[in-house]
Amino acid sequence: MEAFADVALLSRVQFALTVAYHFLFVPLSIGLGLILAINETRYYRSRKPEDAAATKFWVKIFTATFAIGVATGITMEFSFGTNWANYSRFVGDIFGAPLAAEALFAFFLESVFLGVLLFGRDRVSPKFYMVSSWLVWAGSCLSALWILIANSWMQTPAGGELNAEGTEAVITDFFAAAFNPSIFARYTHTVDALLIMGAFVAMAVAGWYLLKNRNTDFAMKTMRIAAVVGIVTSCAMIVFAHASAVVVWEEQPTKLAMMEGMYDSEVPPLYAVGIVDEQGQEVIAPFAIPGGTSFLATGNFDTEYPGLNELAQTEEYGDMVVEDMPVGLVFQSYHLMVAMYGLIMLTSILVLVFTFKGGRIAKMRWLQRAALISPVWPFIAIQTGWITAEVGRQPWVVYPSVTGPEGVSLLTDEGISMSVSAPELWLTLGLFVLVYAVLLIGWARVIGRFIKEGPVVEGDTALDRQLGDAADAGAGAGAQAVVAVAADGEGDVAVVVTEADDAPVEAAPAKGGE
């Protein structure tokens with residue numbers, strides 16, 4: 001029953017819910033932003049109506065996801081001041097710059113050019129429209145950079161020191177704080193995971209159309225794009241994930257110990273599956289590769305790493321109570337993330353091979369069904385990766401990393417707002433669950449309707465408008481009008497309306513594709 005009245009625990013649960021829900025939409029917006037930009041580039045080069053329809057389809061999917069992602073992100077930031085006031089005061093001097101930069105540069109870049117995508121098709125040049133699609137994606141990636149700079153500083157503080165009273169972290173070197181030891185590894189690892197998610201959602205949409213035998217041309221084009229993006233990002237993840245793990249091994253020894261279930265110092269083996277016996281302080285596993293984790297970290301099989309019991313005896317990590325550490329949760333989330341990567345890689349290879357091997361995937365119902373459910377793999381991997389990263393740094397909200405400034409750390413229990421009570425947290429937690437459920441259902445219904453409608457192939461809107469105007473002019477002249485369209489070798493189009501005796505009534509020039 002104590003847990004029901006634990007303000008720190010309830011604040012963590014509420015924030016975890018908010019972030020996990022927010023991170024349903026961030027991977028989709030960043031990942032699908034790349035799919036959108038690639039489709040618009042295809043249309044810019046081909047000028048085919050079906051490629052224009054594909055771009056419009058992904059713009060609708062992206063916009064609906066972006067809107068709800070922004071709303072949930074704002075809620076998350078508000079909780080810094082409500083539930084985590086002491087934490088906000090401690091990191092305020094450090095976080096002010098990156099969070100302001102995220103809003104002023106990244107969010108405005110993304111939202112401004114998203115407006116171009118929504119309302120500028122007939123108002124800007126095709127090249128500017130195509131560039132805008134890439135700028136929308138670049139803005140979302142830039143936004144992730146600033147957010148991850150702030151988050152990575154919590155994991156590996158740098159460029160700051162405690163103030164004279166010892167109550168706040170004060171920035172001393174902005175660039176050292178921004179480019180802290182874990183930012184590059186964490187940014188590449190995270191963004192690559194989001195791109196994998198986008199590719200797999202595109203696969204799922206294409207798989208659904210193939211199963212329904214609808215929009216098969218769009219489905220095969222989408223499957224090809226998704227297959228290429230999926231295999232490239234999945235292969236790149238090997239490098240990025242390894243780099244991220246090395247940073248953990250070098251900077252966050254308690255997190256490494258929890259990831260591998262190490263209570264005592266040892267040469268860490270490599271587990272595929274297992275269960276942590278927290279009472280007996282051991283990992284129960286059917287098999288393990290002796291020294292496997294040591295080899296991944298250092299290139300040899302005999303490097304010993306300290307366990308939780310030894311680390312708890314040190315000055316840096318003396319605040320840690322080994323019996324209270326969530327070792328089982330971190331161990332399982334980390335290994336589940338790795339297992340999901342195996343499914344991601346397998347799916348990427350299968351889809352790539354059978355999409356480009358004569359388009360055989362169009363007749364392979366089992367692979368179409370696999371593609372339809374495939375977004376589950378990166379989704380679980382992303383969520384469990386986040387759990388590993390954030391729960392793994394407990395009991396600190398600002399972790400005392402190996403190379404961090406002396407004394408710059410903050411325990412989670414000391415970062416909460418003292419004026420918030422347990423009943424208030426339970427009330428707001430219930431309201432969040434209710435509102436978020438309604439939003440999720442609404443979003444799913446909107447996205448479902450877009451997918452059900454599919455890409456709608458329309459004629460060139462500017463050309464159609466001029467055809468209509470010219471026809472009206474001919475009819476208004478009291479003649480039987482005949483509308484003709486002629487194009488020269490450079491793509492310029494002329495709309496000519498003639499009367500029955502072939503005398504021209506009106507000619508309207510139009511640029512091809514506008």
Side-chain angles (χ1 to χ4, degrees), residues 15-35 61-62 65-66 68-70 72-73 76 137 140-141 143-152 154-155 182-205 226 229-245 247-248 255 259 329-348 371-393 436 440 443-444 447:
F15 192 76
L17 170 68
T18 305
V19 175
Y21 186 80
H22 177 62
F23 227 55
L24 285 172
F25 307 103
V26 171
L28 289 176
S29 59
I30 294 180
L32 292 180
L34 177 60
I35 302 298
I61 300 290
F62 177 89
T65 305
F66 172 78
I68 195 168
V70 169
T72 54
M76 185 178 64
W137 179 64
S140 65
C141 292
S143 178
L145 173 63
W146 291 112
I147 295 299
L148 284 169
I149 283 175
N151 183 267
S152 295
M154 294 162 56
Q155 306 278 346
S182 65
I183 179 57
F184 291 111
R186 288 169 57 80
Y187 179 74
T188 52
H189 186 185
T190 302
V191 171
D192 191 59
L194 309 187
L195 298 182
I196 291 174
M197 183 70 183
F200 274 60
V201 169
M203 282 183 199
V205 172
V229 174
I231 196 65
V232 170
T233 52
S234 297
C235 291
M237 180 57 73
I238 298 174
V239 177
F240 298 147
H242 175 71
S244 184
V247 170
V248 172
K255 182 185 291 187
M259 288 166 61
L329 175 58
V330 175
F331 179 92
Q332 296 300 342
S333 62
Y334 169 64
H335 287 84
L336 183 57
M337 176 186 67
V338 175
M340 289 301 102
Y341 175 73
L343 291 175
I344 287 169
M345 199 65 179
L346 177 62
T347 305
S348 297
L372 182 60
I373 65 171
S374 65
V376 173
W377 319 141
F379 171 74
I380 294 177
I382 287 169
Q383 295 292 342
T384 52
W386 173 76
I387 291 172
T388 302
E390 303 307 319
V391 179
R393 62 177 161 81
Y436 282 177
L440 183 60
W443 173 83
I447 296 300

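- Proximity of T18 to Y436: side-chain heavy atoms (C-beta onward) are separated by under 4.5 Å at one or more points.
- One distance of note links OG of S140 with CG of L145; it measures 11.5 Å at 0.5 Å rounding.
- Put simply, the side chain of N151 reaches to within 4.5 Å of the side chain of E390, judged on heavy atoms.
- The heavy-atom pair separating I380 from M340 by the smallest distance is CG2-CG, 3.6 Å.
- Counting only heavy atoms from C-beta outward, the side chains of F66 and L32 never approach each other to under 4.5 Å.
- I149 is listed as a side-chain neighbour of W146, based on a closest heavy-atom distance under 4.5 Å.
- Under a 3.5 Å cut-off, the side chain of S244 and the backbone N or O of F240 do not form any donor-acceptor pair.
- A donor-acceptor contact shorter than 3.5 Å links the side chain of Y21 to the backbone of L440.
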Considering only distance and modelled atom types, tabulate donor-acceptor pairs under 3.5 Å from the side chains of residues 231-239, sequence neighbours left out.
| from | atom 1 | to | atom 2 | distance (Å) |
| --- | --- | --- | --- | --- |
| T233 | OG1 | V229 | O | 2.6 |
| T233 | OG1 | G230 | O | 3.2 |
| S234 | OG | G230 | O | 2.6 |
| S234 | OG | S348 | OG | 3.2 |

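- Closest approach of V191 and A144 over heavy atoms only: CG2-CB, 4.3 Å.
- In this structure, the side chains of L343 and V376 stay at 4.5 Å or more apart for every pair of heavy atoms.
- Under the 3.5 Å distance criterion, the side-chain polar atoms of H189 are left unmatched by any main-chain donor or acceptor of A185.
- Interatomic distance, OG1 of T384 versus CZ of F379, reported as 9.5 Å (0.5 Å rounding).
- Once rounded to the nearest 0.5 Å, the distance linking CD1 of I344 with CG of L346 reads 11.0 Å.
- Taking CZ of F331 as the start and CG of L336 as the end, the distance is 11.5 Å to the nearest 0.5 Å.
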Donor-acceptor pairs are to be reported for all side-chain atoms of residues 22-31 against protein atoms at under 3.5 Å, with residues two or more places apart or in another chain.
| from | atom 1 | to | atom 2 | distance (Å) |
| --- | --- | --- | --- | --- |
| H22 | ND1 | G69 | O | 3.1 |
| H22 | ND1 | T72 | OG1 | 2.9 |
| H22 | ND1 | G73 | N | 3.3 |
| S29 | OG | F25 | O | 3.2 |
| S29 | OG | V26 | O | 3.0 |

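- Closest heavy-atom contact between Q155 and S182: CB-OG, 4.4 Å.
- Heavy atoms only, all atoms of each residue included: M197 and P378 are closest at SD-CG, 3.7 Å.
- Contact detail for W137 and L34: the closest heavy-atom pair is CD1-N, 3.3 Å.
- At least one side-chain heavy atom of M259 sits under 4.5 Å from a side-chain heavy atom of T388.
- Taking each heavy atom of I35 and A199 in turn, the nearest pair found is CD1-CA, 4.4 Å.
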